[in-house]
There are 2 protein chains.
Amino acid sequence: MNIGTAAEKSGLPAKTIRYYEDIGLVRPDRAGNGYRHYSTGDVHRLRFVQRARSLGFSVGECRQLLSLYDDRARESMEVKTIAKAKLAEIDCKIAELAGLRDVLAHLVANCHGDHRPDCPIIDELSGEAATG
Amino acid sequence: MNIGTAAEKSGLPAKTIRYYEDIGLVRPDRAGNGYRHYSTGDVHRLRFVQRARSLGFSVGECRQLLSLYDDRARESMEVKTIAKAKLAEIDCKIAELAGLRDVLAHLVANCHGDHRPDCPIIDELSGEAATG
DNA sequence: TTCAAACCTTCCAGTAACTGGAGATTTGGC
DNA sequence: GCCAAATCTCCAGTTACTGGAAGGTTTGAA
């Protein structure tokens with residue numbers, strides 16, 4: 001498929017997809033006319049990157065994640081080690097998101113839509129959680 | 001406290017803290033000698049931003065989140081509406097992270113540290129999850 | 001008091017990861 | 001063949017930092 005379709009299916013703008021090719025994240029075939037040609041596998045990779053980027057992983061980290069994703073068959077001890085580190089990282093992110101969620105949820109629950117002084121819960125939450 | 005201490009306590013480099021002042025995210029007092037002076041409240045804001053940024057929220061979104069965090073007492077209907085939208089966004093991010101986590105967990109679980117052909121589970125997962 | 005180390009200041013340049021736009025080419029419908 | 005839409009390349013601009021120069025301030029030892 002062409003880049004437009006790949007963009008649609010991956011949720012990434014065509015511009016970004018070309019950029020990802022520039023930096024070597026996804027390497028599509030080229031048709032005779034010079035147009036990029038994406039396989040469904042390419043689209044999966046793109047979607048994978050889209051997800052990881054939107055969750056705060058750097059492009060470098062995405063590259064690592066992709067290499068895990070790609071090279072799952074060879075040298076898997078090394079792959080497994082990196083995967084485990086990434087798993088821990090993701091768990092940490094999930095915990096932090098949950099913390100952030102709590103802050104907002106308390107905010108929504110405690111400020112009743114009228115004028116109120118302030119919510120000590122929020123202060124407390126902002127002081128706690130996620131020091132490391 | 002001075003910027004160095006604020007940096008240490010917030011988990012942000014001093015450079016970044018100065019940048020956040022430039023763009024108006026955190027406005028510390030100034031001492032007579034021109035040094036920035038941070039309150040514990042300032043540090044809470046900084047930590048809040050640090051968390052949100054590391055979780056994939058843009059600076060603009062952080063600004064919104066901070067305004068929720070700040071203005072919890074005035075015009076709270078509007079605040080509440082934005083807070084709810086952000087809550088939904090965060091829930092979505094949590095779900096996506098959980099998806100990513102599954103991909104890696106399957107990878108770790110299924111590639112046993114020796115040479116194996118490939119894991120159809122991964123293919124399947126990459127095809128599913130997080131289309132919206 | 002003087003000096004160095006460690007802090008702080010501003011400013012400017014560089015990097016990462018896009019993002020928008022110009023200008024040329026290709027495709028597909030009329 | 002014509003034209004709009006999609007694609008191409010290339011280059012410039014934006015966002016969110018990040019590093020470094022050049023200099024002022026504070027602290028503590030000699």
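Proteins come first, then strands; the chains are lettered A, B, ... in the order of their sequence lines, and each starts at number 1.
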Roughly how many Å is it from [atom1] in [X] to [atom2] in [N], rounded to a whole number?
X	N	atom1	atom2	value
Ile23(A)	dT19(C)	CD1	P	12 Å
Leu25(A)	dA16(C)	CG	C1'	13 Å
Arg53(B)	dA16(C)	CZ	C1'	12 Å

Nearest heavy-atom pair of [X] and [Y]: which atoms, and what distance?
X	Y	value
Ile23(B)	Val59(B)	CD1-CG1, 3.5 Å
Val49(A)	Leu66(A)	CG2-CD1, 3.7 Å
Val26(B)	Pro28(B)	O-CD, 3.3 Å

> With a 3.5 Å cut-off and no angle check, do the side chains of Asn2(A) and Thr5(A) form a donor-acceptor pair?
Replying inline: no
> For residues 19-29 of chain A, which residue pairs qualify under salt bridge (charged side-chain N to carboxylate O under 4.0 Å, His left out), counting only residues two or more places apart or in two chains?
Replying inline: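 Non-adjacent pairs meeting salt bridge (charged side-chain N to carboxylate O under 4.0 Å, His left out): Glu21(A)-Arg30(A), Glu21(A)-Arg36(A).
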Less than 4.5 Å apart, side chain to side chain, heavy atoms only: is that true for [X] and [Y]?
X	Y	result
Met1(B)	Thr40(B)	yes
Arg53(B)	Tyr20(B)	yes
Phe57(A)	Leu100(B)	yes

> What one-letter contact string describes nucleotides 1-15 of chain C from 5' to 3', where B marks a base within less than 4.0 Å of any protein heavy atom, S marks contact via sugar-phosphate atoms alone, and - marks no contact?
Replying inline: ------BSBBB----
>> Reading DNA chain D from 5' to 3', where do the contacts with chain B start and stop? Cut-off is 4.0 Å to heavy atoms.
In response: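 Range of nucleotides touched by chain B: dA16(D) to dT26(D).
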